[in-house]
Structure formats: structure tokens, C-alpha cells
Amino acid sequence: MSHSNSLISFLRHYGPIPASDNMYDELIQSEIERHAIEPAIHIDPARLDEVRSNFESATPRNVILTGTAGDGKTYHCRRIWEHFGGDPEKWKAGEKIVSLSLPASGKTITIVKDLSELTQSEKDATIADLAIAVAGKNEDKVFLVAANDGQLLATWRDWSDTQDEDAHRVFKLVEDMLVEERKTDDALVLDLYNLSRLDASVHFQELVEQIVEHQQWTQCQGCELLKDDGTSTCPIRINRERLRGGADGSIFRKRLGELMKLARANRMHLPIRDLLLLGVNILLGDRQGRQILLTCRTAKNRAEKEDFRQTNPYANVFGMNLPERQRQQYQVFTTLEGFGIGRETDNKFDNLLIYGTYGESDHYKKFISDDIYYGARAYEPYLRDYLEGERENIDEFMRALGRQRQRLFFSLPPDMAFDPWRLTVYQASGRFLEFISGLARGADVSRTVELLVKGLNRTFCGMMIDDGTQLYLASSGGDGRGRIASLLNYDLPTKSHRRDPYLHFTLAADHATPCLQIIDPAGGGNDVVDSLNLQLTHFEYLVRVANGSLPASFSRQCNEDFLDFKLRLISRLDELIGETVSTDEVNLQALTVDERGRAHPDNIRIRVNQ
């Protein structure tokens with residue numbers, strides 16, 4: 001009988017297999033018990049301590065946990081149930097709503113495991129009781145409710161539309177809390193936690209560490225693929241080694257974490273369930289046949305045939321072991337695929353990959369030939385056919401080339417002549433991460449600020465302005481959206497000023513994106529006139545425009561976003577510091593740009609009523 005490891009059998013339940021049970025917290029618990037997984041793989045619930053302390057108090061508040069599927073809402077609820085003495089077997093019985101008594105307050109806590117699982121009549125009854133409780137009109141009962149944001153609002157809105165004005169007012173307050181991302185409201189006895197606002201990159205590192213360093217890897221002892229020195233030709237253990245060492249020791253792990261930070265900066269949320277799925281798919285993904293995840297038996301077959309192309313962990317990141325239709329069902333794969341890794345490239349990388357072996361390139365040897373599993377052995381047969389053969393498999397060569405680009409992206413060390421971010425759609429990603437880090441540390445980010453302001457000026461004015469030390473707000477008459485805006489309204493410095501408004505960059509409230517602010521120092525208050533959070537796409541747009549791209553060529557939506565911001569800002573500055581309109585004379589400033597890219601405002605006076 002073939003040697004097997006029960007940890008591998010268990011991990012498959014977290015992967016993207018068709019019969020997956022990973023949608024249900026209760027069923028995962030049963031699998032943990034069946035496979036005797038100790039310790040269990042988990043993330044400490046992000047808000048558990050706060051929620052538990054609330055219900056331990058003499059005056060507990062109602063709690064609603066929102067977020068997307070897989071964020072851990074049901075997990076939080078189960079831990080609260082168990083903490084206050086709830087029977088684990090009753091929880092597993094599948095009841096949608098459970099209750100128990102809180103010792104400190106004497107109140108009954110009603111736990112709704114998942115609002116979406118209730119029937120319509122059950123939803124209406126639950127929302128009716130919940131509305132009374134959050135309004136402070138029920139002294140005997142408090143609620144803990146897990147709900148998807150949209151489902152919660154839709155259910156509450158439909159119910160409140162059939163009720164009186166007070167009930168509708170409560171709904172509007174809850175809606176405002178969700179939209180404004182506020183935890184509390186003075187008028188309600190409610191704490192609202194959005195579990196989707198957490199940093200996926202941190203959680204991913206924790207989960208992968210628990211998976212690759214789990215003590216049950218010792219069950220591999222006795223497997224014929226594991227040698228006495230600890231090396232192995234088992235593709236599962238090969239992939240495991242590439243994920244080991246933490247984010248500092250594994251370039252693969254580090255770059256995955258950076259992609260998640262960037263996805264968050266583009267408002268793409270990856271729930272914990274998807275992070276587990278990703279980690280397992282990297283480890284066990286298999287492109288051979290219908291079985292998309294390795295078992296110990298199929299791993300042995302791959303090793304015996306030296307068929308490691310099918311278990312490529314770098315392609316598994318993007319779910320390439322799944323049929324396309326199935327792959328599109330998982331948010332983590334569609335999000336990561338959106339970076340274009342494997343499709344995007346430049347001449348420097350492709351010259352290395354295509355001609356490096358013939359030019360005896362040291363870089364080719366180090367980064368392609370030396371990877372005996374996923375490098376030259378998996379790639380060079382297709383390369384030789386392309387360069388020397390009949391070119392009968394060009395499509396397969398292009399796929400193999402794309403997989404090498406993916407592998408290079410996840411394996412190139414920093415401070416190399418090859419910038420891995422050139423292999424993505426967002427080529428300024430490295431600079432974006434440095435900018436965020438610099439803002440968080442209070443470091444000098446003036447060079448990046450100057451580049452961003454240069455991009456803003458070219459967008460706002462439609463001219464090739466090279467100045468990044470002054471922000472020019474110009475219009476073109478009409479609605480202000482003309483391709484060329486040469487009538488200067490305001491020019492703002494990019495360094496703090498004692499009297500005049502100035503541009504300033506800081507970290508946004510989500511700590512994931514930079515925030516562009518216009519500060520008014522008048523009165524010593526440093527009030528924010530207006531602000532704009534720069535998502536990754538906005539940042540990439542500004543860098544590309546600063547480097548010579550036409551404003552609407554990369555993203556028309558970004559161009560519109562910045563023009564909207566400019567017009568809104570001009571309007572607010574008009575209200576704040578605008579000159580009094582004269583009935584005798586109109587003063588204009590015409591903006592021109594010389595051959596060196598320097599902007600020159602020229603005063604124009606037009607007399608009227610003469």
C-alpha cells in the first residue's frame with residue numbers, strides 16, 4: 001500500500017475541488033476530528049476579543065458581523081457560543097439560530113449564524129427583534145448576527161418599508177454606519193464590524209506558515225520519495241520548500257504578500273477562505289487529467305515520471321490547474337490573474353528567456369537552468385522547437401514562456417537588473433509599495449511626490465508640463481473638461497505653507513493607499529479642503545502619464561476621476577479664497593509651456609462695460 005500523509009488528505013478539503021466542503025465551518029470541524037489534525041489550521045478571529053469582552057460586560061451591546069463569504073463571520077459566532085458554555089454538539093446540529101444566557105448581564109444572547117440561510121419569514125421576525133434591540137428597547141435580549149453587507153441591508157430595508165417611521169429611522173442609521181464604515185452610532189445600542197477590511201497579506205503569511213510548518217509533515221517519514229538527508233522528489237514537498245522560510249526567507253511568499261497588498265489598494269478583497277484555498281492550491285495543484293489536486297499517490301506518479309510541469313506552483317497561484325470556467329468561480333484567482341503576470345513582459349525579459357541559453361548568460365543559468373524542476377527542464381524542449389525545429393507547437397511554446405515569466409516574477413530577488421514588476425500590468429507597483437512604506441515611516445518621499453504631481457499637471461492641463469513642485473489647476477471654459485486647459489485658476493505648492501493652500505500626501509484611513517490632500521493652513525487649523533485616495537490604478541496612471549503616456553491612453557476612467565477632482569477642487573477653492581468679481585475688469589491667467597516643459601502663467605486683463 002502506498003505511503004500517505006493524513007495532513008494532505010485534510011488540506012484537499014480547503015482546495016478548489018468540485019465536492020469541496022470548505023464552505024461550511026461545521027464540516028471543516030468534523031474533518032479536523034476525522035483526520036486528527038493537531039493543531040488545527042486557523043487564524044485568530046480578528047474581532048473576537050472585542051466581541052467577547054462586550055458580551056462579558058454587565059451592559060452588553062448588540063453586534064453585527066459583516067463581510068463577504070469566507071471572512072470568518074460564522075467562526076466568530078461559534079467561538080462566542082463555545083466561550084459562554086454553548087454545547088458544541090448543538091452547534092453542529094445545524095440550527096440556524098441558537099441562544100444562551102450571559103452570566104454577567106443575565107441577558108439572553110441570540111446568535112444568528114448566517115442571515116442569508118434564513119427563510120423570508122425567519123428573516124422578517126429576526127430583523128423585527130433586532131431592530132427593537134439596537135434601538136435600546138429590549139432589556140432582556142442581545143444579538144450576535146453574521147450577515148453579508150448587501151443581504152443585511154436588503155432584508156432590513158424591505159422589512160422597514162412595511163413599518164412605521166421609527167423603524168425606518170433605525171434602518172437608515174444602520175445603513176449609514178455600513179456606508180461610512182463606522183463601528184458605532186450614538187443613537188443605537190450596536191457595534192458593527194466589517195471583517196472585509198482586514199489585511200489579507202498578513203493573514204496569508206500566517207496561514208501558509210501554519211500549513212508548511214505543521215507538525216504532521218513528520219508523517220512523511222517512511223515515504224520512499226523522502227531521502228535520508230531530507231531532500232525529496234515529491235512535488236508536494238518541493239512546492240512546500242518554496243513556500244518555507246517566511247516572507248523574509250522566501251521570495252515567493254514575499255511577492256505573494258505584495259500582490260495582496262496591491263489588490264487591497266485596488267479595493268479587491270480576498271477573504272480568509274480564499275487565502276486558504278490559494279495556499280493549498282499552490283502546494284497541491286496538478287494539471288494532469290481531471291484530478292486538480294495532488295494526493296500522496298499521484299504525487300508519487302509525477303515524481304516517478306519526472307513530470308513536474310503539471311505541478312508548477314507558480315502557475316497554481318493563478319489556478320491554471322483548473323478548467324477556465326471553474327477558475328472564474330474563485331475570487332482569489334480572478335484577482336491575481338488581473339495583474340497580467342505571464343502575459344505582460346518587456347524585451348529585456350524575453351531576450352533573456354529566448355536567447356539567454358545561446359548567449360551563455362549568467363542570469364539564464366542562475367534563474368532558469370538552475371531550477372531543475374520548473375525551469376529549463378520544463379521549458380527548453382519547447383524553446384528548441386521554436387528556435388530550431390518545425391515550430392509545430394507555437395501555442396504550447398507561448399504557454400511555456402508565460403509560465404517562465406510567472407516563475408521569474410515569483411523568484412527574482414530584489415535589487416536586480418530585472419524589475420519583476422515589469423512583468424505585470426501595474427509596472428509602478430514596486431514604487432507604489434515603497435511610497436506607502438515611506439509615508440508610514442515618515443521617510444523622504446519627495447521624488448515620488450514630484451513624479452505624481454507631474455502626472456497630475458499633465459492631466460489637469462493637457463500639456464507636457466515637467467514641473468512637479470507646483471500643482472496647476474487650469475480649466476478650458478465650458479464644463480472644464482476640454483483636452484487642453486490653459487486658463488490657470490490656481491497654482492498650489494507641494495510643500496507646507498503658512499498662509500496659502502498646499503498639496504500634501506498622507507496615508508489613507510485604510511493604511512493601504514496614499515491620500516492626496518489639499519490643506520488650508522489659514523487660521524492654524526490645517527483644514528482639508530478636499531482629498532482623493534489614490535488606488536493602485538490611479539497611481540499607475542499618474543506615473544505613466546508623467547513618463548510620457550497620453551492621459552486617456554492607460555485608463556479613461558482614471559482620467560475622468562482626476563478631472564472630476566480638479567473641477568471639484570477649483571469650486572471649493574473659489575469659495576475659500578476666490579477673488580471678488582469685478583464689474584469693470586476680468587483678470588485671467590493664460591498658461592503656456594516652453595520647450596523645456598516649464599509652465600508660464602501670463603496675466604490677461606479684459607475691460608468690460610466700456
State whether the number of non-hydrogen atoms from other residues, nucleotides or ligands found under 6.0 Å of Glu139 atom CD is greater than 12. no
Cut-off 3.5 Å, no hydrogens considered: what does the side-chain donor-acceptor table look like for residues 537-545, sequence neighbours left out?
unit_1	atom_1	unit_2	atom_2	d
Thr537	OG1	Asn266	OD1	3.1
Thr537	OG1	Asn266	ND2	3.1
His538	ND1	Gln535	N	3.1
His538	NE2	Asp561	OD2	3.0
Glu540	OE1	Gln427	N	3.1
Glu540	OE1	Ala428	N	2.8
Glu540	OE2	Gln427	N	3.2
Glu540	OE2	Arg544	NE	2.7
Glu540	OE2	Arg544	NH2	3.3
Tyr541	OH	Thr459	OG1	3.0
Tyr541	OH	Pro551	O	3.1
Tyr541	OH	Asn559	OD1	2.9
Arg544	NH2	Val425	O	2.8

Atom pair CD1/CG of Ile211 and Leu7 - distance to nearest 0.5 Å: 8.5 Å
Side chain of Gln331, backbone of Pro271: donor and acceptor closer than 3.5 Å? no
Is the backbone of Phe460 close enough, under 3.5 Å, to the side chain of Lys566 for a donor and an acceptor to pair up by distance? yes
Can you check whether Leu190's main-chain N or O pairs, donor with acceptor, with Asn62's side chain at less than 3.5 Å? no
If only side-chain N and O atoms count, and only distance matters, is there a donor-acceptor pair under 3.5 Å linking Asp129 with Asn138? no
Thr513 vs Leu534, side chain to side chain contact (heavy atoms under 4.5 Å, CB included): CA-CA, chis, key distance, verdict: CA-CA 6 Å; Thr513 53; Leu534 297 185; 5.7 Å; no
Please identify each residue that fulfils side-chain hydrogen bond (donor to acceptor under 3.5 Å, both in side chains) with Asp124, with sequence neighbours left out. Gln120
For Phe554, ring pair (Phe, Tyr, Trp, His ring centres under 6.0 Å) partners two or more places apart: none
Assess whether atom CZ of Arg244 is packed by more than 12 heavy atoms of other residues, nucleotides or ligands within 6.0 Å. yes
Less than 4.5 Å apart, side chain to side chain, heavy atoms only: is that true for Phe410 and Ile251? no
Pi-cation contact, Trp91 with Lys113 (under 6.0 Å, within 45°): yes
Please identify which of these residues, Phe409, Phe339, Tyr426, meets the ring pair (Phe, Tyr, Trp, His ring centres under 6.0 Å) condition with Trp421. Phe409
Have Asp574 and Tyr490 got a donor and an acceptor in their side chains that come within less than 3.5 Å? yes
Would you say the side chains of Arg78 and Thr74 form a donor-acceptor pair under 3.5 Å? no
For Tyr502 and Ile518, run side chain to side chain contact (heavy atoms under 4.5 Å, CB included): C-alpha distance rounded to whole Å, both residues' side-chain angles, the deciding distance at 0.1 Å, then the answer. CA-CA 6 Å; Tyr502 61 91; Ile518 303 300; over 6 Å; no
Check step by step if side chain to side chain contact (heavy atoms under 4.5 Å, CB included) holds for Gln205 and Ser201. CA-CA 6 Å; Gln205 300 297 347; Ser201 64; 5.7 Å; no
NZ/Lys495: more than 12 non-hydrogen atoms of other groups inside 6.0 Å: no
Closest non-hydrogen atoms of Leu100 and Trp81, given as atom of the first, atom of the second and distance, are CD2-CE3, 3.4 Å
Do Val212 and Arg253 touch side chain to side chain, with heavy atoms closer than 4.5 Å? yes
Between Val449 and Phe505, is any pair of side-chain heavy atoms under 4.5 Å apart? yes
Compare all side-chain heavy atoms of Leu195 with those of Arg47 and state whether any distance is below 4.5 angstrom. yes
Quick one: does any side-chain atom of Asn148 pair with a main-chain N or O of Gln151 as donor and acceptor, under 3.5 Å? yes
If only atom types and distance count, is the side chain of His168 paired as donor or acceptor with the main-chain N or O of Asp164 below 3.5 Å? no
Spell out, as yes or no, whether a donor-acceptor pair under 3.5 Å connects the side chain of Asp158 to the backbone of Asp161. no
What's the verdict on side chain to side chain contact (heavy atoms under 4.5 Å, CB included) for Tyr193 and Asp191, showing C-alpha distance, side-chain angles and the deciding distance? CA-CA 7 Å; Tyr193 297 97; Asp191 289 343; 3.8 Å; yes
For the residue pair Asp71 / Ser196, report whether a side-chain donor-acceptor contact shorter than 3.5 Å exists. yes
What side-chain hydrogen bond (donor to acceptor under 3.5 Å, both in side chains) pairs are there with at least one residue in residues 102-112, not counting sequence neighbours? Ser99-Thr110
Could you verify whether a donor N or O on one side chain and an acceptor N or O on the other, from Thr448 and Arg431, lie under 3.5 Å apart? yes
Return yes if some donor-acceptor pair links the side-chain N/O of Thr162 with the main-chain N/O of Trp159 below 3.5 Å, else return no. yes
Would Arg572 and Glu575 count as a salt bridge (Lys or Arg N to Asp or Glu O under 4.0 Å) here? Give the steps. CA-CA 5 Å; Arg572 293 187 178 179; Glu575 296 173 1; over 6 Å; no
Going by the rule side-chain hydrogen bond (donor to acceptor under 3.5 Å, both in side chains), which residues pair with Arg169 if we only count those two or more places apart in sequence or in a different chain? none
If you round to the nearest 0.5 Å, how far is CG of Asn281 from CZ of Arg12? 11.0 Å
For Arg325, check side-chain hydrogen bond (donor to acceptor under 3.5 Å, both in side chains) against everything at least two apart and list the hits. none
Any side-chain donor near an acceptor of the partner, His35 and Gln216, under 3.5 Å: no
Side-chain H-bond candidate by donor/acceptor type, Ser160 with Gln163, under 3.5 Å: no
For residues Tyr75 and Ile43, determine if any side-chain heavy atom of one lies less than 4.5 Å from a side-chain heavy atom of the other. no
After noting the C-alpha distance and the side-chain angles of Tyr14 and Phe10, does the key distance pass the ring-ring contact (aromatic ring centres under 6.0 Å, His included) rule? CA-CA 8 Å; Tyr14 280 124; Phe10 168 73; 5.3 Å; yes
Leu516 side chain reached by Phe565 side chain, heavy atoms, under 4.5 Å: yes
Under 3.5 Å: donor-acceptor pair, side chain of Asp149, backbone of Gly67: yes
Cut-off 3.5 Å, side chains only: do Ser57 and Asn54 have a donor facing an acceptor? no
I'd like to know if Glu434 pairs up with Arg441 as an ion pair, taking the criterion as any Lys NZ or Arg NE/NH1/NH2 lying under 4.0 Å from an Asp or Glu carboxylate oxygen. no
With a 4.5 Å cut-off on side-chain heavy atoms, are Ile519 and Pro501 touching? no
Would you check if Leu207 and Ile272 make a side-chain contact, meaning some heavy-atom pair closer than 4.5 Å? yes
Short question: side chain of His214, backbone of Pro39 - any donor-acceptor pair under 3.5 Å? yes
Between Lys96 and Asp114, is there a salt bridge with N-O shorter than 4.0 Å? no
Going through the distances and angles, do Glu258 and Lys254 end up as a salt bridge (Lys or Arg N to Asp or Glu O under 4.0 Å)? CA-CA 6 Å; Glu258 289 172 339; Lys254 179 176 184 291; 2.6 Å; yes
N/O donor-acceptor pair under 3.5 Å between Arg182 side chain and Thr184 backbone: yes
